[in-house]
Amino acid sequence: MICNYLAFEGIDGSGKSSLIKRLSEVLSNQQIENKIVREPGGTKVGEGVRELLLSHDYEVDALTEALLFCSQRSQLIAEVIKPEVNKGIKILSDRSAYSSVAYQGVGRGLGYETIYQLNDIAVNSFWPEKVVLLDIDPKISLSRQKVADRIGSDKVDFFNKVREGYLRLADEFENNFLIINAEEDLELNLKRICTWLKVDNSK
Ligand code: TYD
């Protein structure tokens with residue numbers, strides 16, 4: 001596998017979690033040690049911050065939201081991601097700092113460049129090496145969702161902006177991004193991801 005820290009990105013309901021689970025199984029079958037982490041969360045502090053971010057009980061200002069995402073992220077990188085990567089364990093991350101650039105930077109309108117820079121500080125320049133972007137029309141992904149959290153229950157217009165943010169990132173970092181059509185078959189997409197990552201998917 002060509003990278004140690006891989007992130008899955010996409011708007012709410014794009015199906016990241018199922019693909020990550022399948023990729024993790026494939027890697028384990030190949031005796032490639034791996035660990036799934038999720039953002040926001042993944043540490044005790046991070047799960048506390050997750051509750052603040054996603055509960056419908058709080059109204060959160062956009063900049064506060066961006067900073068809370070950064071705070072759970074710096075903890076996750078220091079406590080889990082860096083130590084695991086140093087041990088040779090592959091990290092499969094359900095979201096990453098790129099979510100903040102798309103959601104807070106473009107979706108919320110705080111600025112693509114500003115939120116990129118803010119996150120560069122939060123992660124100490126330790127960004128995922130590769131990103132699988134599950135691209136989908138928000139109208140379709142939102143209709144797939146059963147229960148939406150506070151951010152996931154925003155309007156289609158918001159998700160159209162988030163999607164635009166992701167596509168801009170994929171364009172800027174084209175060597176590190178794989179864009180997948182999230183409406184296509186899961187196993188077919190898994191195959192594409194394995195080919196891209198140079199992972200044997202045959203057993
Ligand atoms: P997640 O738990 O991945 O939900 P889903 O499975 O629906 O994608 O993410 C929770 C929400 O937080 C989701 O609406 C995306 C949002 N989010 C941001 O707005 N910025 C971020 O930096 C991250 C990591 C998530």
Side-chain angles (χ1 to χ4, degrees), residues 5-24 36-43 45-77 80-81 91-123 126-128 131-166 168-169 180 182 186:
Y5 178 17
L6 171 72
F8 281 70
E9 292 286 354
I11 58 175
D12 295 64
S14 55
K16 293 174 276 86
S17 318
S18 334
L19 257 176
I20 291 187
K21 261 192 229 140
R22 283 291 293 119
L23 179 62
S24 171
I36 299 178
V37 298
R38 71 160 179 184
E39 288 200 28
T43 64
V45 170
E47 291 297 329
V49 176
R50 180 181 175 91
E51 158 72 12
L52 293 175
L53 277 163
L54 301 183
S55 160
H56 288 275
D57 291 346
Y58 307 108
E59 270 179 41
V60 187
D61 160 78
L63 181 57
T64 308
E65 185 178 280
L67 292 167
L68 283 172
F69 275 116
C70 283
S71 66
Q72 61 81 34
R73 182 165 294 133
S74 52
Q75 183 72 27
L76 180 66
I77 290 189
V80 181
I81 298 181
I91 293 289
L92 309 180
S93 189
D94 192 337
R95 300 195 176 279
S96 71
Y98 290 111
S99 283
S100 283
V101 179
Y103 277 78
Q104 282 64 51
V106 182
R108 297 275 189 246
L110 292 174
Y112 175 100
E113 201 47 51
T114 307
I115 298 301
Y116 184 90
Q117 293 305 336
L118 186 65
N119 275 273
D120 198 42
I121 296 170
V123 305
F126 196 79
W127 292 76
V131 180
V132 174
L133 172 58
L134 296 176
D135 185 49
I136 190 165
D137 183 335
K139 276 195 237 108
I140 295 163
S141 64
L142 294 179
S143 69
R144 280 182 182 178
Q145 270 191 308
K146 289 174 207 97
V147 197
D149 53 54
R150 183 182 60 81
I151 298 173
S153 41
D154 215 306
K155 306 202 173 53
V156 168
D157 279 1
F158 171 73
F159 290 103
N160 277 323
K161 283 191 234 156
V162 175
R163 185 186 194 190
E164 236 175 71
Y166 274 132
R168 181 169 164 193
L169 282 164
I180 286 286
L186 187 144

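Counting starts at 1 for both ligands and their atoms, following the listed order.
Distance from atom 6 (O) of ligand 1 to its nearest protein heavy atom, with residue and atom name: K16 NZ, 3.8 Å. Scanning the protein heavy atoms around atom 4 (O) of ligand 1, the nearest turns out to be D149 OD2, 4.0 Å. Among all non-hydrogen protein atoms, the one lying nearest atom 7 (O) of ligand 1 is D12 OD2, 3.2 Å. Counting only heavy atoms of the protein, atom 24 (C) of ligand 1 lies nearest to R73 NH2, 3.4 Å. With respect to atom 22 (O) of ligand 1, the closest heavy atom belonging to the protein is S100 OG, 2.6 Å. When only non-hydrogen protein atoms are considered, atom 3 (O) of ligand 1 lies nearest to R95 NE, 2.8 Å.
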Only distances under 3.5 Å count here; give the side-chain donor-acceptor pairs of residues 50-59 to other protein atoms, sequence neighbours excluded, each with its distance to 0.1 Å.
residue, atom, partner, partner atom, Å
R50, NH1, P40, O, 2.7
S55, OG, D57, N, 2.8
H56, NE2, A148, O, 3.0

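At a heavy-atom cutoff of 4.0 Å, ligand 1 is contacted by no atom of R38, backbone or side chain. When heavy-atom distances to ligand 1 are checked against a 4.0 Å cut-off, L53 has no atom that comes that close, whether in backbone or side chain. Counting heavy atoms closer than 4.0 Å to ligand 1, residue R50 contributes side-chain atoms (C-beta onward) but none from N, CA, C or O. Residue I11 does not touch ligand 1, judged by heavy-atom distances below 4.0 Å.
Using 4.0 Å as the threshold, E65 has no heavy atom nearer than that to any atom of ligand 1.
Considering only heavy atoms from C-beta on, R95 stays 4.5 Å or farther from F69 through its side chain. When side chains are defined from C-beta on, F8 counts as touching L23, because their heavy atoms get closer than 4.5 Å. Proximity of I136 to R144: side-chain heavy atoms (C-beta onward) are separated by under 4.5 Å at one or more points.
The two residues L68 and V49 make their nearest non-hydrogen contact at O-CG1, 3.5 Å.
Interatomic distance, OG of S18 versus CG of L186, reported as 6.0 Å (0.5 Å rounding).
Checked by atom type, the side-chain pair S96/E39 shows no donor-acceptor distance below 3.5 Å.
The aromatic rings of Y166 and Y103 sit perpendicular to each other, their planes meeting at more than 60°, with 30° as the lower class boundary.
Here the options are R73, Q104, E9, the test is side-chain hydrogen bond (donor to acceptor under 3.5 Å, both in side chains), and the partner is S99; only E9 passes.
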If you apply the rule side chain to side chain contact (heavy atoms under 4.5 Å, CB included), what do you find for N119 with Y98, and how did you get there? CA-CA 9 Å; N119 275 273; Y98 290 111; over 6 Å; no
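Which parts of ligand 1 touch G152 is read off a 4.0 Å heavy-atom cut-off, strictly below it: atoms 14 (O). Against a heavy-atom cut-off of under 4.0 Å, L54 is close to the following atoms of ligand 1: 10 (C), 11 (C), 12 (O).
Remark: ligand 1 and Q104 share an N or O pair separated by less than 3.5 Å (distance only, no angle test).
Among F8, Y103, F69, the residue whose heavy atom sits closest to atom 25 (C) of ligand 1 is F69.
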